[in-house]
Each structure stands twice: as structure tokens, then as C-alpha cells.
Engineer: 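Here's a structure for you.
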Number of protein chains: 2
Amino acid sequence: MHTEAKDEMRDKILEAALKRFTHYGASKTTMNEIADDLHCSKASLYYYFPDKKAMHMAVLQKIAEIYFQQMEKEALQPESAAQALYNIIELRREFISKFCRLEIFKILQDNSAVFLEEKKKARERDIAIHTRIIEAGIALGEFIVKDPAHTAELLVLSTMGLRFSVPDHIREDTDMDEAMMDDVIDKQKQLLEIFIKGIKA
Amino acid sequence: MHTEAKDEMRDKILEAALKRFTHYGASKTTMNEIADDLHCSKASLYYYFPDKKAMHMAVLQKIAEIYFQQMEKEALQPESAAQALYNIIELRREFISKFCRLEIFKILQDNSAVFLEEKKKARERDIAIHTRIIEAGIALGEFIVKDPAHTAELLVLSTMGLRFSVPDHIREDTDMDEAMMDDVIDKQKQLLEIFIKGIKA
DNA sequence: TTTTGACCTTGAAACTAAAAAAGTCAGAAA
DNA sequence: TTTCTGACTTTTTTAGTTTCAAGGTCAAAA
């Protein structure tokens with residue numbers, strides 16, 4: 001059984017790719033560069049991944065998995081549902097500031113069916129986590145909500161939407177947005193504050 | 001004093017342009033086509049507008065003015081501030097379904113300084129109107145809000161942001177979005193409901 | 001003052017060639 | 001048998017060019 005070794009190499013590739021992506025941006029990274037970093041041939045990469053897009057996806061899934069697991073930990077047994085919701089925003093701030101250089105948006109521009117599917121799944125998972133927190137809030141007597149899943153969707157979508165409150169031309173610019181990000185996160189927290197009051201028991 | 005006649009011709013041009021824009025989209029409309037519709041020469045258009053962009057802006061300002069005036073009427077003396085906020089969403093629905101074919105987004109893609117400035121002004125006016133309604137709500141004892149302008153900004157931005165809850169690839173498509181729009185408007189109303197509860201006295 | 005035909009200018013498609021990157025495969029290495 | 005690679009082909013990107021429709025100007029007419 002050589003699968004452990006195989007998985008190990010696969011992971012090494014993902015790490016090397018992620019390093020390049022976060023440093024130079026995914027769109028500026030070639031398969032050859034990743035291979036060179038690993039002192040292996042490009043053909044090897046194609047032994048582990050069917051194509052470049054699959055590798056991109058795997059990198060994305062890898063970091064998303066960590067992010068979601070942190071979120072789920074937060075959602076598991078909150079002392080306060082409201083606090084859990086705030087903590088998730090903080091988690092998001094960390095995640096974004098860590099991976100914003102990866103040009104995640106440029107990859108996702110690629111609106112292929114697989115990508116959209118993955119994006120949808122991620123959003124659903126995000127909403128599911130928020131649903132669980134809201135349900136916990138109901139159980140704790142913090143919130144009164146008729147349809148937790150629906151309310152969670154609304155919270156997630158409206159919070160995400162605030163991302164677009166910063167003008168278009170700045171969103172492109174990769175330098176300035178670190179400062180802008182704080183503004184967006186701030187707005188997200190302020191909206192959450194009102195949102196929580198709006199569903200408070 | 002020939003200014004009335006001049007203004008009249010200017011307005012005729014704007015109407016002809018708007019008709020073309022809403023029918024075929026602004027990006028697919030040429031100056032020659034507008035001139036032909038008016039049975040005049042293209043050079044005449046340039047007597048009234050310095051260039052094409054200025055004409056686009058004028059068309060946009062014209063329809064925006066109507067939209068904002070309706071909003072302001074709504075904001076002037078609401079019996080219920082909450083109801084006024086709902087009415088404004090309904091106004092927005094009408095406005096969008098009327099002018100969505102104009103490809104406003106494609107024009108606004110043009111991130112020139114003048115355009116951004118105008119966009120910013122429009123947003124500020126939007127926020128100002130919402131501020132007035134929230135202040136009215138406070139006066140009527142409906143709401144308790146510390147900083148009405150700030151709360152209004154948050155409401156406007158989060159509501160607008162919901163526009164992006166529909167997947168990217170559908171936003172491009174000019175056919176489907178009529179149905180999608182209803183979904184967005186629905187979400188905006190649902191968010192407003194919670195938002196209002198969140199600032200309720 | 002307003003309008004126009006004739007004219008000039010510009011920018012966005014439509015090709016093209018060259019370079020770079022993606023992707024394949026027969027066979028070597030482990 | 002699984003993993004890896006050099007040498008190869010194919011596809012995509014880029015940069016340069018042409019071309020033409022659309023933008024824009026102007027002297028002169030109405």
C-alpha cells in the first residue's frame with residue numbers, strides 16, 4: 001500500500017503551490033515553477049493532478065477546509081451564540097489577510113461548472129454553520145427565529161455583500177485593500193450588531 | 001434668450017438616447033444612430049454635449065433625478081418610517097425593471113474619475129434620504145438609533161450588497177436576471193425586516 | 001445661434017506570428 | 001508495480017499589425 005506516500009507527495013505539491021500562490025499570485029504561477037521549487041519535473045505534478053485547474057481547486061479546498069473547521073469549532077458549543085457570530089467575523093478577517101495575496105478572486109473568475117459547484121458548496125457550508133449557531137442561540141434563549149436556515153442565509157449573504165461597499169477600482173488594487181478590508185470587517189460587525197438585535201428574544 | 005429652445009433640443013437628444021439605450025443597450029448605441037433617430041446630423045449632438053461620455057452621464061443623471069425625487073417624496077412625511085423604507089425598496093424594483101436593459105452596469109464599468117464622483121454622489125444622496133427616514137422614525141418613536149447617518153449608510157450598503165448574492169455568471173446574462181431580481185428584492189425586504197427590528201424602539 | 005457635410009482621429013475588433021505555458025507519453029528509475 | 005522524467009505536442013497568451021466603424025472636429029451654410 002503506497003497510498004500514504006502518494007498522499008504525502010500530493011500534499012507537498014499543494015504546499016509548494018500555495019507558497020507560490022500567496023507570494024506571487026496564482027495567475028502568475030506556472031506548473032514549471034512549482035516543479036522547480038520541489039526539484040521535480042513538471043510531469044510529476046501531472047501524476048498527482050489531472051490538470052492545473054484540479055490543482056488550483058485542491059489548494060483552495062485545502063485552505064477552505066482549515067477555515068471551515070475553525071468555524072465549526074466556534075459553532076460547536078458556544079457559550080453565547082452572538083459571541084460565536086462575532087468570532088466568525090474575526091476568523092474571516094484572519095483568513096482573508098492571510099490569503100488575500102493568493103488572488104482567489106482571479107481564479108474564481110473562471111466560471112467553469114466545477115468551480116461554481118465548489119463555490120456553492122462552500123456557501124452552503126457557511127450557511128449551515130451559521131444555521132447551527134442560530135439554532136444554538138434559540139436553544140439558549142438568545143434568539144427568536146422562525147426559520148433558522150433562512151435567517152442564516154440572509155445573514156451570510158448580507159454580510160458578504162458588504163464586501164462590495166468599497167469602490168470597484170480599489171478592489172482590483174492589491175496594495176490598498178488591506179486597509180479597506182478593516183473597514184469592511186467593521187461594517188460587517190456593525191451590521192451583525194443590528195442583525196442580532198433584530199432576532200433577539 | 002434662446003436657452004429654452006436649446007434646453008428643449010438637449011432634452012430631445014436625451015430622450016432619443018434613452019430610448020435607444022433601453023432598447024438596445026448603451027454600449028451598442030452609436031452617436032450616428034441617435035442622430036438618425038432625430039433626423040439630424042451627428043455634429044449637432046456635439047453642439048449640445050462635449051462628448052459621448054457627457055451624454056451618457058446626462059442620461060443617467062436624468063433618470064436618477066426622477067428616481068431620487070420619488071424617493072424623497074417617500075421620505076418627506078412618512079406616517080411610518082418602517083413603511084417608507086419598504087416603499088423605497090418597491091421604488092427600486094420599479095426603477096430597476098424599467099432601466100435594467102440600459103446596461104447601466106456596463107457604462108459604470110468605465111471607472112473614470114467623473115463617473116466615480118457621480119456614483120459617490122448618488123450613494124450619498126441615497127444614504128441622506130435613508131438618514132432622513134430614520135430620523136423621522138426616531139421622532140415618531142419607532143426607532144432608537146444613536147447615529148442615524150451611520151445606520152442609514154449601513155442599511156443602504158448591506159441592502160445593495162445583496163445584489164451580489166446572485167452568482168456572477170447570471171449577472172452578466174441580460175435575459176434571466178428579471179426573475180433573479182425578484183429574489184434579490186425579496187431578500188432585501190427580509191433583511192429590512194430584521195434590520196428594522198434591530199433598531200426598533 | 002444652430003446645423004451640417006466633409007473630413008480627421010481614435011480605439012476596438014480581427015488577424016497574425018512568436019513565445020510561453022499546459023499537457024502527453026514512452027520508457028527509465030526505484 | 002508505482003513513481004518519475006526528458007522530450008515531445010498542443011493550447012493559450014502575448015505582442016504586433018491592420019482595418020474599419022465609431023468618435024470627434026471644423027469651416028461654412030442655414
Side-chain angles (χ1 to χ4, degrees), chain A residues 1-17 19-21 23-60 103 106-112 114-115, chain B residues 1-21 23-60 102-103 105-112 114-115 172:
Chain A
M1 193 83 113
H2 293 236
T3 32
E4 297 103 34
K6 190 165 182 179
D7 285 357
E8 201 180 299
M9 181 57 184
R10 200 187 122 100
D11 218 63
K12 274 214 174 94
I13 294 171
L14 290 181
E15 263 175 58
K19 203 171 285 178
R20 277 263 167 202
F21 287 1
H23 206 68
Y24 303 103
S27 62
K28 294 277 172 220
T29 300
T30 71
M31 297 299 264
N32 269 314
E33 286 169 341
I34 296 168
D36 290 350
D37 286 353
L38 291 163
H39 306 289
C40 75
S41 76
K42 178 177 59 170
S44 293
L45 305 184
Y46 285 93
Y47 179 72
Y48 292 97
F49 299 96
D51 55 26
K52 191 182 148 189
K53 197 187 285 182
M55 207 196 62
H56 276 163
M57 291 274 289
V59 171
L60 248 34
E103 291 182 339
K106 271 189 189 169
I107 315 175
L108 292 173
Q109 217 72 320
D110 182 345
N111 284 327
S112 67
V114 262
F115 252 133
Chain B
M1 194 82 112
H2 292 237
T3 32
E4 295 103 36
K6 190 165 180 179
D7 284 357
E8 202 180 297
M9 180 57 184
R10 200 187 122 103
D11 217 63
K12 273 212 175 99
I13 294 172
L14 290 180
E15 264 175 58
L18 181 58
K19 203 171 284 178
R20 278 263 167 202
F21 287 2
H23 206 69
Y24 302 104
S27 62
K28 293 278 173 220
T29 299
T30 70
M31 296 300 265
N32 269 313
E33 286 169 341
I34 296 168
D36 290 350
D37 286 354
L38 292 163
H39 305 292
C40 75
S41 75
K42 178 176 60 172
S44 294
L45 305 184
Y46 285 92
Y47 179 72
Y48 293 97
F49 299 96
D51 56 27
K52 192 182 147 187
K53 196 188 284 182
M55 207 196 62
H56 275 164
M57 290 276 287
V59 170
L60 248 36
L102 174 151
E103 293 181 337
F105 44 88
K106 271 192 188 167
I107 316 176
L108 293 175
Q109 216 73 318
D110 181 345
N111 284 327
S112 66
V114 262
F115 253 131
E172 312 296 307

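These numbers were taken from a predicted model, which means no experiment stands behind them. Order of the sequence lines fixes the chain letters, A, B, ..., with proteins taken first and strands second; residue numbering starts at 1 for each chain.
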Engineer: If you define the side chain from C-beta out and look only at heavy atoms, does anything of A:Tyr46 sit under 4.5 Å from A:Met31?
Structural biologist: yes

Engineer: Side chains of A:Lys19 and A:Asp37: does their closest heavy-atom pair fall under 4.5 Å?
Structural biologist: no

Engineer: Determine whether A:Leu14 and A:Tyr48 make a side-chain contact, defined as any pair of heavy atoms from C-beta on separated by less than 4.5 Å.
Structural biologist: no

Engineer: Among D:dA22, D:dG24, C:dC25, which is the nearest nucleotide to the side chain of B:Thr30?
Structural biologist: D:dA22

Engineer: Between atom OH in B:Tyr48 and atom C1' in C:dT1, what is the gap in whole Å?
Structural biologist: 9 Å

Engineer: What heavy-atom pair brings A:Leu38 and A:Lys12 nearest, and what distance separates the two atoms?
Structural biologist: CD2-O, 3.9 Å

Engineer: Please report the closest heavy-atom contact between A:Ala58 and A:Phe49, naming both atoms and the distance.
Structural biologist: CB-CE2, 3.8 Å

Engineer: Tell me the interatomic distance from B:Arg10, atom CZ, to C:dT3, atom P, rounded to whole angstroms.
Structural biologist: 14 Å

Engineer: Please tell me if A:Ser44 has a side-chain N or O lying less than 4.0 Å from either OP1 or OP2 of D:dT5.
Structural biologist: yes

Engineer: Quick check: on DNA chain C, is the nucleotide nearest A:Asn32 upstream (toward 5') of the one nearest A:Ala43, or the reverse? Name the residue that is more 5'.
Structural biologist: A:Asn32

Engineer: Rounded to whole angstroms, how far apart are CG on A:Asp51 and P on C:dA21?
Structural biologist: 18 Å

Engineer: Nearest to the side chain of B:Lys42, which nucleotide is it out of C:dT3, D:dG24, D:dT5?
Structural biologist: D:dG24

Engineer: Ignoring backbone atoms, establish whether A:Tyr46 has a side-chain N or O less than 4.0 Å from OP1 or OP2 of C:dG23.
Structural biologist: yes

Engineer: Are B:His56 and B:Phe115 close enough, and set up right, to give a ring-ring contact (aromatic ring centres under 6.0 Å, His included), and what steps lead you there?
Structural biologist: CA-CA 10 Å; B:His56 275 164; B:Phe115 253 131; 7.6 Å; no

Engineer: Counting C-beta onward and ignoring hydrogens, is there a side-chain heavy-atom pair between A:Tyr47 and A:Ile13 closer than 4.5 Å?
Structural biologist: no

Engineer: Can you check the A:Phe49 CZ to D:dC4 C1' distance for me, whole Å?
Structural biologist: 15 Å

Engineer: OP1, OP2 of C:dT2 versus side-chain N and O of B:Tyr47: anything below 4.0 Å?
Structural biologist: yes

Engineer: Check the distance between C:dT3's P and B:Lys12's NZ and give it to me in whole angstrom.
Structural biologist: 10 Å

Engineer: Within this structure, what is the NZ-to-C1' distance between A:Lys28 and C:dA20, rounded to whole angstrom?
Structural biologist: 12 Å

Engineer: Please give, in whole Å, the distance from D:dT3 P to A:Leu45 CG?
Structural biologist: 15 Å

Engineer: So which of residues 33-41 of chain A are in contact with DNA chain D, with a heavy-atom cut-off of under 4.0 Å?
Structural biologist: A:Cys40, A:Ser41

Engineer: How many Å lie between CE on B:Met31 and P on D:dT25, as a whole number?
Structural biologist: 10 Å

